[in-house]
Amino acid sequence: MSLLPTELLQIAEPARRNDTRPNLLGLSREQLKALLAEHGLEPFRAGQIWHWIYWQGVREFGVMSNIARKTRERLEELFVIDRPAVSTEQRSTDGTRKWLLRLSDGQEVECVNIPEEDRGSVCVSSQVGCTLTCSFCHTGTQPLVRNLSAGEIVGQFMVARDSYGEWPSPTESTRMLSNIVMMGMGEPLYNFDNVATALRIVMDDQGIALGRRRITLSTSGIVPMIPKVATELDVNLAVSLHAVSDEVRDLLVPVNKKWPIAELLKACADFPSARNSRRITFEYVMLKGVNDSDADARELVRLLTPIHAKVNLIPFNPWPGAPYECSSNNRIHRFAEIVNAGGLSAPVRTPRGRDIFAACGQLKSESVRDRRTKVRDLEAKAGV
Ligand code: SAH
Ligand code: SF4
């Protein structure tokens, strides 16, 4: 793939690596109150600070003008408000922006904003790397280093807002950054607690105030965790299906060996919002000669008809050394026709930001650590 010219902005912003003061970013309201109480600060301060951090977008206590100077100084001594530091910002010729973010321990993670006519979707990562080795995904070739904290997850969205100057939190109708898709690096359901805390912060109406319908969590199919997306968060669900037989899905999404298609679709059929008006999105990557035949399309219709579903057809985004090719345009459109004729909406997702390697499945930062131990740790933690 040839790279188009891009604008690469270097922003020197040192991460606070040696600072031991706790970071307030990413604490739930209750945790914030408790931390303040530990230091003898009144509970109502939590609401004030929350407003400054998540509504006004500030990073310094000094500007919190409704808090007395002495208290501000004390807050400054005790805590920090720290987002991930921007190592680089890249701007695609199609308007997509991608940030390489440096975390306080030096690990790196990527975050992307995809502007569209009526909205801007920030694609947020949940882990550094991923344990799941999907064979068509670039992130899957990067061994997992660790889960992101809630602050690092909500911090990605805030960095995107910094870049667009979108503070204080604008009204819903004037927002450029209006949606969050948990579709960056990592499997969000293997880091559920931190993802949930971050999304609750984002949805809090005294702060960033994104509506739950503007948030989509994408999973490769961690079946036992799927009900929690409805019961604890009630955000939109997207499922990376990508194949209609276990034989093919085992190769593309190896976690299928643990939770095969029938179990996955059962969890989707039981997903509460699927019974109401909200549809589950099934993502389907178009891989030449692998999963893109007419028979595959018909089987997809058969499998998804009992579920309140829509399909997102994603042209495969290539990366160096990838063992697949993207299906031809004709093939993708024929496939879409069959799915549409079967009564399911099946838009073809236009690849965005390919020139800056920001498209689906192209994210990968340069960190390495032992994958197997990490997989075991995370699975044990997630109780699956
Ligand atoms: N881990 C989660 C969320 C991140 S991946 C998941 O797998 O759902 C976001 C979406 O991009 C998933 O549907 C994933 O399967 C898809 N994807 C990964 N690599 C891709 C590639 N090279 N081309 C197109 N889509 C890809
Ligand atoms: Fe991980 Fe999702 Fe990539 Fe699979 S597609 S390796 S689950 S990020």
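None of the values given here were measured: they were computed from a predicted structure.
- Side-chain contact annotation: S327 with D292, donor-acceptor N/O pair under 3.5 Å present.
- One finds a salt bridge joining E110 and K98 here, because a Lys/Arg side-chain nitrogen approaches an Asp/Glu carboxylate oxygen to under 4.0 Å.
- A salt bridge is absent between R213 and D234; no separation between the charged side-chain nitrogens and carboxylate oxygens falls under 4.0 Å.
- To the nearest 0.5 Å, atom OG of residue S126 and atom CG of residue L217 are 8.0 Å apart.
- In terms of heavy atoms, M183 sits closest to A238 at CE-CB, 4.0 Å.
- The one candidate from V122, V159, V86 that meets the side-chain contact (heavy atoms from CB on, under 4.5 Å) condition with C111 is V122.
- A salt bridge links R214 to E172: at least one charged side-chain nitrogen sits closer than 4.0 Å to a carboxylate oxygen.
- Aromatic rings of H242 and F282 (six-membered ring for Trp) have centroids beyond the 6.0 Å cut-off, not under it.
- In this model, a donor atom of one side chain and an acceptor atom of the other lie less than 3.5 Å apart for D250 and N256.
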- request: Check the pair V128, L103 against side chain to side chain contact (heavy atoms under 4.5 Å, CB included), reporting the backbone distance first and the verdict last.
  value: CA-CA 10 Å; V128 183; L103 310 174; 4.0 Å; yes

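- Side-chain polar atoms of T96 and D94 form a donor-acceptor pair below 3.5 angstrom.
- Residues Q206 and W55 are not in side-chain contact: their nearest non-hydrogen atoms beyond the backbone lie 4.5 Å or more apart.
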field: Q156/S125 under side chain to side chain contact (heavy atoms under 4.5 Å, CB included): CA gap, chis, key distance, verdict
entry: CA-CA 8 Å; Q156 293 172 59; S125 296; 3.7 Å; yes

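- A donor atom on one side chain and an acceptor atom on the other are not found under 3.5 Å apart for Y284 and D296.
- Salt bridge status for E283 with R349: present, with a side-chain N to carboxylate O gap under 4.0 Å.
- Distance check: K33 NZ to S28 OG gives 9.5 Å after rounding to the nearest 0.5 Å.
- Taking each heavy atom of L27 and W50 in turn, the nearest pair found is O-CZ3, 3.5 Å.
- Using a cut-off of 4.0 Å between Lys/Arg side-chain N and Asp/Glu carboxylate O, K266 and D270 are scored as salt-bridged.
- Between S220 and L132, the closest heavy-atom pair is OG-CD1, 3.3 Å.
- Salt bridge status for R334 with E337: present, with a side-chain N to carboxylate O gap under 4.0 Å.
- Using the six-membered ring where Trp is involved, F79 and F61 have ring planes that are tilted, between 30° and 60° apart.
- Using a 4.0 Å cut-off between charged side-chain N and carboxylate O, D246 and K257 make no salt bridge.
- A donor atom on one side chain and an acceptor atom on the other are not found under 3.5 Å apart for N191 and Q127.
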field: Test log, rule side-chain hydrogen bond (donor to acceptor under 3.5 Å, both in side chains), inputs E187 and T131
entry: CA-CA 8 Å; E187 169 49 59; T131 55; over 6 Å; no

- request: Go through the steps to decide whether R298 and S293 satisfy the test side-chain hydrogen bond (donor to acceptor under 3.5 Å, both in side chains), and finish with yes or no.
  value: CA-CA 9 Å; R298 286 191 292 268; S293 70; over 6 Å; no

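- Defined by atom type and a distance below 3.5 Å, a donor-acceptor pair is missing between the side-chain atoms of W99 and N113.
- Closest approach of R278 to H308, counting heavy atoms only: O-CD2, 3.6 Å.
- When each of L199, V109, I180 is tested with V124 by the rule side-chain contact (heavy atoms from CB on, under 4.5 Å), just one qualifies, namely I180.
- A salt bridge between D82 and R21 is absent, with no side-chain N of the basic residue lying under 4.0 Å from a carboxylate O of the acidic one.
- The pair E42-R45 counts as a salt bridge, with a side-chain nitrogen and a carboxylate oxygen less than 4.0 angstrom apart.
- Just one of V235, N179, V181 meets the side-chain contact (heavy atoms from CB on, under 4.5 Å) condition when paired with T216; it is V181.
- L344 CG to K310 NZ: the interatomic distance, rounded to the nearest 0.5 Å, is 12.0 Å.
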query: When you look at L264 and I226, which way does the side chain to side chain contact (heavy atoms under 4.5 Å, CB included) test go after all the steps?
result: CA-CA 9 Å; L264 176 59; I226 286 178; 3.8 Å; yes

task: Run the numbers on V80 and L24 for side chain to side chain contact (heavy atoms under 4.5 Å, CB included), then give the verdict.
output: CA-CA 6 Å; V80 292; L24 298 190; over 6 Å; no

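- Between E299 and R302 there is a salt bridge, since at least one side-chain N of the basic residue sits less than 4.0 Å from a carboxylate O of the acidic one.
- With 3.5 Å as the limit, one finds no donor-acceptor pair spanning the side chains of R97 and S92.
- Closest approach of Y324 and S135 over heavy atoms only: OH-OG, 2.7 Å.
- One finds no salt bridge joining R83 and E152 here, because no Lys/Arg side-chain nitrogen approaches an Asp/Glu carboxylate oxygen to under 4.0 Å.
- Under a 4.0 Å N-O distance rule, the pair E76/R74 does not qualify as a salt bridge.
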